[in-house]
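Some notes on the structure that comes next.
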Amino acid sequence: MHSIRIKITAVILAAILTSLAAFIGISYFTMMQENDKTSVETLNLLSQNAQKTVDVRLNSLKRSVDVVADIAEDSLASLNLAEVGGANRAARTPEQAKQLDAFMQKYCEEVRQVFGSIANHSDSIVTYYFCISPDIGTSEHGFFYSKVGKTDFEEQPKLIADKLDPADRDSNWYFSPIRRGKPCWVGPYRSRLLSGLLTVSYVAPVYKEDVLIGVLGMDTLFYSVRAPVHSLRVYDTGFACLMDETGRILYHPRLKPETRLEEISLNLDPELFRRESNGSELIRYNAEGQRRQVSFATLTNGLKLVVVAPVDEISASWHKMTRSILLSAIAILVVFALLTLVIVGAVTKPLLRLTSASQKLASGDYNAELDYEGDDEVGILTRSFRQMRDHLKLYISDLNSRAFSDALTGIKNKGAFEAVKEWLNDAIRLGGTESRQEFAVVMFDCNGLKKINDEFGHERGDIYLQTAAGVICRTFLHSPVFRMGGDEFLVLLQHEAYRERETLLQVFDSSAEAVNAGAKNPWEKVNIAKGMAEFRPGVDTDVEQVVRRADEAMYENKRQGKLTAAVSIPNFEAIDS
């Protein structure tokens, strides 16, 4: 005859087994569906983020061409085609031809100036051009500027429309917008005009009273389009690629360009990629003996940005969770086989509290209450969780500190300055009163660091840098100080510090002299070149220009050999150029 304890234990175990089996089955099915849904959302997010990065560059190109095209069409308002013989150049009188020539020369110069002004403010644009239609038939053919292989745009031989072949793919930039009758994207294609480089163009036709005046456009290298795609990290071995809507792969980290989609997998239908995106659809296929999942989004120019990841890597956390659930189930069975109902009741309450706290921890809430102080296993587990929570908080705090602090000097590092710089650049781009912020940048360079390292060792060099940082921080007590790398430091002056900038530089000179007067060794002295530049509203478009001028001022100070002399730059425009 079995004891009541055994009977109760048997009943409880049977109930637990049944419940666990149902729970595991339902959980497995639910988690599998949730995992599929989450995996689609994760890959979609990766593809959409990369799409936004690429589209920023493409949309900048598109907006530039659209603006110039609108201006170019507006500038034709004063042209009366009927007075100059219309589009029939054969019927044009010499006087009409001369009149049209004079207008087109002035017109093209106006468009060129607008084009150049816009193109010079975009790093991704490598060419801009205007090709006059042969129907107009004047001596003016337009213009063509390129900076491929150069630092600035330089005029190239003009593009003669009469010499372009509609059957030549390299001439699609001219004929595609004419055939469509509207602006369009062309490419990527290998442009002979750009030494065979893979090129993406956005071109627009310009009309006057339904008569084609010409085609204008801008080019960007395909490299600038694929660069964000190439750098995209997709799990451990996943990747991102670019293809057109027909399934022709244009960029792939491992495959040759022009590879067809059907060459990779028979499970993928090229028609699938004619949609804008995969939406919430789960798309998987087999390739190279591996099960893979794919998401895609459409770029502004119609290309498809495709993100691919192995299913095993996507589901790794889910498999781990499943194993943990099974192990937990076994542990629960063992515990309940040995404990009485009283102990079960006593353990259940703190377990529920611990489960709630662990869920908060799992969701990132590191203030979850873990206040159970019992001496049993649940109490130990609670204290372990509490220790883990506290360690995680310290670890995350330490990570944040390390990410933006210089280990040697303890001041902010270059990464911290990049964050501040982005914030200032956003304020500048906002315009209005928010962009007219008063700030200045002071650049410092420690002279003789290499000599100290070579003659006295790097430990003395570190002392030298720490001493320099200390003097800078003490002088600019209310301003952020950044170590930009090596022996260079940067101070951002704002508010009261900006208004007292000249006085602070004098205080710095005095502090340096005081330190040097009491120093016995070279590494205990402060020998620093410095240069300051102020932000100029309406002239400077970003913080980098101010930093560049401060850097040049610092190097001028270094060349003059003045230890702490203030440097002024009389010709800002020359330096900016």
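One-based numbering along the sequence shown. Quick caveat, the model's predicted, so the values are computed rather than measured.
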For residues Leu242 and Ile249, determine if any side-chain heavy atom of one lies less than 4.5 Å from a side-chain heavy atom of the other. no
Report, as yes or no, whether the 6.0 Å neighbourhood of atom NE2 on His319 holds more than 12 heavy atoms from other residues, nucleotides or ligands. yes
Can you list the residues that meet the salt bridge (Lys or Arg N to Asp or Glu O under 4.0 Å) rule with Lys52, with sequence neighbours excluded? none
Does the plane of the ring in Phe239 sit parallel, tilted or perpendicular to the ring in His252? Use 30° and 60° as the thresholds. tilted
Just wondering, are more than 12 heavy atoms of other shown residues or ligands nearer than 6.0 Å to OH in Tyr223? no
State which residues pass side-chain contact (heavy atoms from CB on, under 4.5 Å) with Asp487; sequence neighbours excluded, sorted by chain then number. Asp445, Cys446, Leu449, Leu465
Assess whether a salt bridge exists between Arg192 and Asp168, defined as any Lys/Arg side-chain N lying under 4.0 Å from an Asp/Glu carboxylate O. yes
Is there a side-chain contact between Val67 and Ile118, using heavy atoms and a 4.5 Å cut-off? yes
Ion pair check, Arg429 and Asp426, cut-off under 4.0 Å: yes
Please determine if Arg549 and Glu552 form a salt bridge, counting it only when a charged side-chain N lies under 4.0 Å from a carboxylate O. no
Is a salt bridge present between Glu488 and Lys414, judged by a nitrogen-to-oxygen distance below 4.0 Å? no
In terms of relative ring orientation, are Tyr128 and Phe115 parallel, tilted or perpendicular, with 30° and 60° separating the classes? tilted
For a 4.5 angstrom cut-off between non-hydrogen side-chain atoms, does Asn413 reach Phe482? no
Please check this pair: side chain of Ser47 against backbone of Leu43, looking for a donor-acceptor N/O pair closer than 3.5 Å. yes
Taking 4.0 angstrom as the limit, do Lys147 and Asp152 come out as a salt bridge? no
Is there a donor-acceptor pair closer than 3.5 Å between any side-chain N or O of Thr220 and the backbone N or O of Ser124? yes
Can a salt bridge be assigned to the pair Arg112 and Glu109 using a cut-off of 4.0 Å between side-chain N and carboxylate O? yes
Ser201 and Asp219: side-chain hydrogen bond (donor to acceptor under 3.5 Å, both in side chains), yes or no, with the steps? CA-CA 4 Å; Ser201 305; Asp219 297 337; 2.5 Å; yes
Show your reasoning for whether side-chain hydrogen bond (donor to acceptor under 3.5 Å, both in side chains) applies to Thr237 and Glu313. CA-CA 8 Å; Thr237 61; Glu313 293 179 9; 2.4 Å; yes
NZ of Lys150: more than 12 outside heavy atoms within 6.0 angstrom? yes
Is the backbone N or O of Asp312 less than 3.5 Å from a side-chain atom of Ser315, with the two atoms forming a donor-acceptor pair by type? no
Using a 4.5 Å cut-off on heavy atoms from C-beta on, say whether the side chain of Gln51 contacts that of Leu299. yes
Quick one: do Arg284 and Asp36 make a salt bridge, cutoff under 4.0 Å? yes
Which atoms form the tightest heavy-atom contact between Ala550 and Ala533, and what is the distance? N-CB, 3.5 Å
Going by the rule salt bridge (Lys or Arg N to Asp or Glu O under 4.0 Å), which residues pair with Asp236 if we only count those two or more places apart in sequence or in a different chain? Arg233
